[in-house]
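The block underneath contains the structure these notes are about, expressed in structure tokens.
In what follows, residues are counted from 1 in the order of the sequence shown.
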Amino acid sequence: DLTRYHRAAESALASFLGCDDALLLSSRNRAIFSFVLNTLADQDILFVDETLGAAPILDAACVGGIPVVTYRNGYLDRLSRRHVSPVSTGERLFWVQGLHPELGVMAPLAEVERVARERGDRVVVDETFSLGLLGAQCAGVVDLLGLRGVPAAIVGGVGPALGVSGGVIAGSGHLCELIRLRSPAVHKEAPLSVGTAASIPVAIDLLRGLSGETERLQLLQIGRAHV
């Protein structure tokens with residue numbers, strides 16, 4: 001069962017990521033699977049950067065039977081017209097990795113948002129590797145580009161940035177409540193320890209107080225060594 005420490009951690013994460021609400025889960029993978037399996041269906045289409053060859057989002061899509069279309073950054077406008085059809089009965093969702101875990105390249109989130117908006121698609125950002133490093137509040141690529149509140153959701157792991165285990169789904173109150181009601185992971189898995197949950201708001205406050213990139217990198221190195 002969630003304690004007041006877990007609820008405080010979710011509230012702190014929602015504020016940190018510029019969202020109305022947030023769910024705290026045991027890991028990044030659990031967060032990704034919970035989002036995909038409880039918000040998408042087999043008539044929907046998931047667009048994924050072609051360089052994410054072994055990302056957990058692809059495993060989650062496979063388990064859920066969600067069709068995946070890969071795209072190449074810089075060529076978003078060339079997506080096949082058959083994936084833009086207004087008669088499609090399903091949703092179209094762009095999954096964006098804020099900072100590539102292997103290449104260290106920042107995603108062209110502003111361009112993806114523009115294309116998605118023109119097409120009526122949603123955008124979800126995985127900020128696992130950009131949290132704590134980018135943005136005025138250390139809240140990742142969305143924060144850096146001034147797009148707080150624009151993506152439909154932010155999903156990912158908090159370990160690299162906060163030095164603790166855990167994953168997060170942040171978005172609207174409706175989205176988070178939908179996943180709370182549907183996801184077995186929210187109801188059946190053992191929650192993070194009270195100590196871990198209690199440390200999350202403290203770690204967020206510490207990140208927000210850092211003055212420069214060098215301090216952020218030093219703290220991230222310590223946190224990743226701990227994880």
Contact summary for Ser199 and Val164, nearest pair of heavy atoms | OG-CG1, 3.2 Å
Please round to the nearest 0.5 Å and tell me the distance separating atom CZ of Arg30 and atom OG of Ser165.
-> 13.0 Å
Can you get from Leu206 to Val202 by hopping between Ile, Leu, Val, Met, Phe, Trp and Tyr side chains that sit under 4.5 Å apart?
-> no
Which atom pair, heavy atoms only, marks the closest approach of Ala22 to Leu13?
-> CB-CB, 4.2 Å
With a 3.5 Å cut-off and no angle check, do the side chains of Thr128 and Asp126 form a donor-acceptor pair?
-> yes
Separation of Leu99 CG from Leu131 CG (nearest 0.5 Å) = 10.0 Å
To the nearest 0.5 Å, how far apart are CD1 in Ile45 and CD1 in Ile66?
-> 11.0 Å
CH2 (Trp95) and CG (Leu40) are apart, to the nearest 0.5 Å, by 8.5 Å
Quick one: list whatever passes side-chain contact (heavy atoms from CB on, under 4.5 Å) with Val194, sequence neighbours left out.
-> Thr3, Tyr5, His6
Taking the side chain as C-beta and beyond, is there a heavy-atom pair between Val123 and Leu109 under 4.5 Å?
-> yes
How about Leu17 and Val142: do any of their side-chain heavy atoms sit closer than 4.5 Å?
-> no
Tightest non-hydrogen contact, residues Pro101 and Leu52, listed as CD-CD2, 4.4 Å
Can you name the closest pair of heavy atoms from Ala61 and Leu46 and give their distance?
-> CB-CD2, 4.0 Å
Taking the side chain as every heavy atom from C-beta outward, state whether Leu144 and Met106 have any pair of such atoms under 4.5 Å apart.
-> yes
Gln137 side chain to Phe16 main-chain N or O, any donor-acceptor pair under 3.5 Å?
-> no
Check the pair Leu207, Leu162 against side chain to side chain contact (heavy atoms under 4.5 Å, CB included), reporting the backbone distance first and the verdict last.
-> CA-CA 8 Å; Leu207 277 177; Leu162 305 182; 3.6 Å; yes
Looking only at atom types and distance, does a side-chain atom of Ser34 sit under 3.5 Å from a main-chain N or O of Ala31, one as donor and one as acceptor?
-> no
Shortest non-hydrogen pair, Leu192 vs Leu25, comes out as CD1-O, 3.6 Å
Stepwise side chain to side chain contact (heavy atoms under 4.5 Å, CB included) check, Arg28 with Val155 | CA-CA 8 Å; Arg28 176 196 182 202; Val155 182; over 6 Å; no
Which word best sums up how the rings of Phe94 and Phe47 line up, parallel for under 30°, tilted for 30 to 60°, or perpendicular for over 60°?
-> parallel
With a cutoff of under 4.5 Å between side-chain heavy atoms, which Ile, Leu, Val, Met, Phe, Trp and Tyr residues group with Leu103?
-> Val105
Got a sec, which residues hit side-chain contact (heavy atoms from CB on, under 4.5 Å) with Ala41, two or more places apart in sequence or on another chain?
-> Gln43, Asp44
Does the side chain of Leu134 come within less than 4.5 Å of Asp143's, by heavy atoms?
-> no
Do the side chain of Glu10 and the main chain of Leu24 share a donor and acceptor less than 3.5 angstrom apart?
-> yes
Under 3.5 Å donor-acceptor, Glu91 side chain and Arg122 backbone | no
Between the SG atom in Cys19 and the CG atom in Leu175, the distance rounded to the nearest 0.5 Å is 9.0 Å
Val68 side chain near Ile57 side chain, heavy-atom distance below 4.5 Å = no
4.5 Å side-chain heavy-atom contact, Asp49 and Gln97 | no
Would you check if the side chain of Arg148 reaches a backbone N or O of Ala139 as a donor-acceptor pair within less than 3.5 Å?
-> no
From CA spacing to verdict: side chain to side chain contact (heavy atoms under 4.5 Å, CB included), Thr39, Ile179 | CA-CA 7 Å; Thr39 66; Ile179 297 174; 3.9 Å; yes
Least distance between heavy atoms, Gly171 atom then Cys176 atom = N-SG, 3.9 Å
Would a 4.5 Å heavy-atom cut-off, applied to side chains only, mark Phe35 and Leu23 as touching?
-> no
